[in-house]
Protein chains: 2
Amino acid sequence: MKKTRGRPPSGGREEILKATLDVLRERGIARLTTREVAERAGVSEGSIFYHFVDRPGLLKAVFENSLDGMKNLTSAAYASNDIRTTLNTFAKVIADFLDSGLDVLIAAQADAELRGVVVDFLVGNDYGPHRGIAGIGHYLAEQQAAGVIRSDIDPKIISYLIVSDAFQRAAQPKLFGQRKGVPGQDAFFTALMTLIAPVD
Amino acid sequence: MKKTRGRPPSGGREEILKATLDVLRERGIARLTTREVAERAGVSEGSIFYHFVDRPGLLKAVFENSLDGMKNLTSAAYASNDIRTTLNTFAKVIADFLDSGLDVLIAAQADAELRGVVVDFLVGNDYGPHRGIAGIGHYLAEQQAAGVIRSDIDPKIISYLIVSDAFQRAAQPKLFGQRKGVPGQDAFFTALMTLIAPVD
DNA sequence: GTCTATAGGTTGATAGAC
DNA sequence: GTCTATCAACCTATAGAC
């Protein structure tokens, strides 16, 4: 059996994908032309159409590439025995994904057809925030059973608060251009730990 | 003194703005052409350029129009004596804005230049989530002083949780196409009330 | 202020050689 | 698989009449 599955990397294809994402983030999807992508990737326009058929095909490939990072959202390893440290690790995994994943999700909204393609992909793979929420929720349920966090709250809600925080933290600077009003991550987690601590 | 300030409404201008927002939300900004806007508004393309100079000018006008709804985020009236009811009212004001405001903020990301225009507008008017957070935070601080909510938490954090929830609730269906994982608003507020209740 | 007609520029996509 | 050259379509913007 060969070591690499599928096409042998001649470089061109990957360079195109990378260049596309770069242009997407810098110029915005409305300014993304196959011409500029070709220049940045160091290939001709013809190559782009050879590999991806058409512009939507190129974008679809880039989108699915970035969005596949969402599969990691369920299975973040438990980092330590400390709750806060573990929750922080979960949050970091989500934040890492959102940094580039959000750009793609937002870009897709610029075109109704791309919107549909992305949604189909997400739904088809069952990708979405609920995966992160479920993963953290499972961990928190264990902690609750162990009596480490208060018992009068649905762990899913706590989990949702953590995911929402990560989402807000990632999305706000992108959409509003500033981070005003968002508490530091430390302040957030400190408050959260206080809120979910067992009540006497 | 005349009753109406500024230009007498001949209708055309407003129709164009409305049609533009409609096309923006339906087709996406990348598919928004002056041609289709003109058709929908029932005017000629020439009229669009007469009123808004160029395409970016048209979009800028639409953006600022929608984003100005953000000024209401600070001053939501206190609805009742009940905390939960009042917080729900705050949340509703934010949700109402986000429903259309988010579409505009997201659309602007499709073009680096528009991105800049919008950010300048937001920063220049000090618009952003922090306004909602500050408004609710002020109310919560009063409640805390009155002993109705626990005293060991910064009210700003609670306020941030509420705004984040509203944001997640509005953004997720737009970006992911589904609402999976988001708890119902009632469940969220019920949990929140439990979390912020005074501890013995 | 609004229209019609059209110019001018850009862009996605194809054809065919290598 | 990659390139060059080119086309056809589309869209923004302008000019000038009403």
Side-chain angles (χ1 to χ4, degrees), chain A residues 2 4-24 26-63 107-108 110-117, chain B residues 2 4-24 26-63 107-108 110-117:
Chain A
K2 301 260 291 290
T4 49
R5 174 88 57 153
R7 83 190 62 61
S10 65
R13 193 189 154 95
E14 300 308 315
E15 285 301 314
I16 294 170
L17 287 174
K18 186 180 178 325
T20 305
L21 186 58
D22 285 349
V23 176
L24 185 78
E26 280 178 40
R27 304 272 160 102
I29 192 171
R31 292 283 177 97
L32 184 149
T33 65
T34 52
R35 221 152 244 166
E36 180 167 3
V37 169
E39 279 177 23
R40 293 227 198 173
V43 301
S44 72
E45 275 193 89
S47 281
I48 295 180
F49 291 95
Y50 169 80
H51 284 295
F52 303 99
V53 183
D54 56 13
R55 186 179 183 271
L58 169 64
L59 294 173
K60 187 184 173 196
V62 172
F63 289 178
D111 186 313
E113 281 189 25
L114 293 176
R115 222 185 275 169
V117 169
Chain B
K2 301 258 291 291
T4 49
R5 174 91 57 153
R7 84 188 60 62
S10 65
R13 193 190 154 95
E14 300 307 315
E15 285 300 314
I16 293 171
L17 287 173
K18 185 179 178 322
T20 304
L21 186 58
D22 285 349
V23 175
L24 185 78
E26 280 178 40
R27 303 274 162 98
I29 193 172
R31 292 284 177 99
L32 184 150
T33 65
T34 52
R35 218 159 249 164
E36 181 165 3
V37 170
E39 279 177 23
R40 293 227 198 173
V43 302
S44 72
E45 276 193 87
S47 280
I48 295 180
F49 291 96
Y50 170 80
H51 284 295
F52 304 99
V53 183
D54 55 14
R55 187 180 182 271
L58 168 63
L59 294 173
K60 186 183 174 195
V62 172
F63 288 178
D111 187 315
E113 281 189 25
L114 293 175
R115 221 183 276 169
V117 169

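Throughout, protein chains are lettered first and strands after them, A, B, ... in sequence-line order, and every chain is numbered starting at 1. Keep in mind it's a predicted model, so treat the numbers as computed, not measured.
- Partner Phe52(A) forms a side chain to side chain contact (heavy atoms under 4.5 Å, CB included) with one of Val62(A), Leu17(A), Thr34(A), Leu59(A) and no other, that one being Leu17(A).
- Less than 4.0 Å separates DNA chain D from at least one heavy atom of each of the following residues of residues 28-42 of chain B: Leu32(B), Thr33(B), Thr34(B), Arg35(B).
- Overall, the helix from dG1(C)-dC18(D) to dC18(C)-dG1(D) carries an axis bend of 10° between its ends, with five pairs at each end and the value rounded to 10°.
- Annotation: the span from Glu15(B) atom CD to Thr20(B) atom OG1 amounts to 10.5 Å, rounded to 0.5 Å.
- Between atom CD of residue Glu26(B) and atom CZ of residue Arg40(B) there is a gap of 4.0 Å, rounded to the nearest 0.5 Å.
- None of Leu58(A), Val117(A), Leu24(A) except one satisfies the side chain to side chain contact (heavy atoms under 4.5 Å, CB included) rule with Phe63(A); the exception is Leu24(A).
- Distance CZ (Arg55(B)) to P (dT12(D)): 6 Å, rounded to an integer number of Å.
- Phosphate contact (OP1/OP2 of dG1(C), side-chain N/O of Tyr50(B), threshold under 4.0 Å): present.
- As a whole-Å value, the separation of Phe52(B) CZ from dA13(D) C1' is 16 Å.
- In this entry the distance linking CG of Leu58(B) with P of dC11(D) reads 15 Å, nearest Å.
- Spacing between atom CZ of Phe49(A) and atom P of dT2(D) amounts to 15 Å, rounded to whole angstrom units.
- Taking atom CG of Asp54(B) as the reference point, atom P of dC11(D) lies 17 Å away to the nearest angstrom.
- In summary, Glu113(A) and Arg31(B) engage in a salt bridge, as defined by a charged side-chain N under 4.0 Å from a carboxylate O.
- For Ala110(B) against Ala110(A), the heavy-atom pair with the smallest separation is CB-CB, 3.7 Å.
- Computed from coordinates, the Glu45(B) CD to dC11(D) P distance equals 9 Å when rounded to whole Å.
- For the pair Glu14(A) CD and dT2(D) P, the interatomic distance rounds to 11 Å; values are reported in whole Å.
- Judged by closest nucleotide on DNA chain D, Ser44(A) is the one of Ser44(A) and Val53(B) placed further toward the 5' end.
- Considering every non-hydrogen atom in both Arg55(B) and Ile29(B), the closest pair reads NH2-O, 3.0 Å.
- Atoms NE2 (His51(A)) and C1' (dC3(D)) sit 12 Å apart, rounded to a whole Å.
- The structure places CZ of Arg27(B) at 11.0 Å from CG of Asp22(B), a figure rounded to the nearest 0.5 Å.
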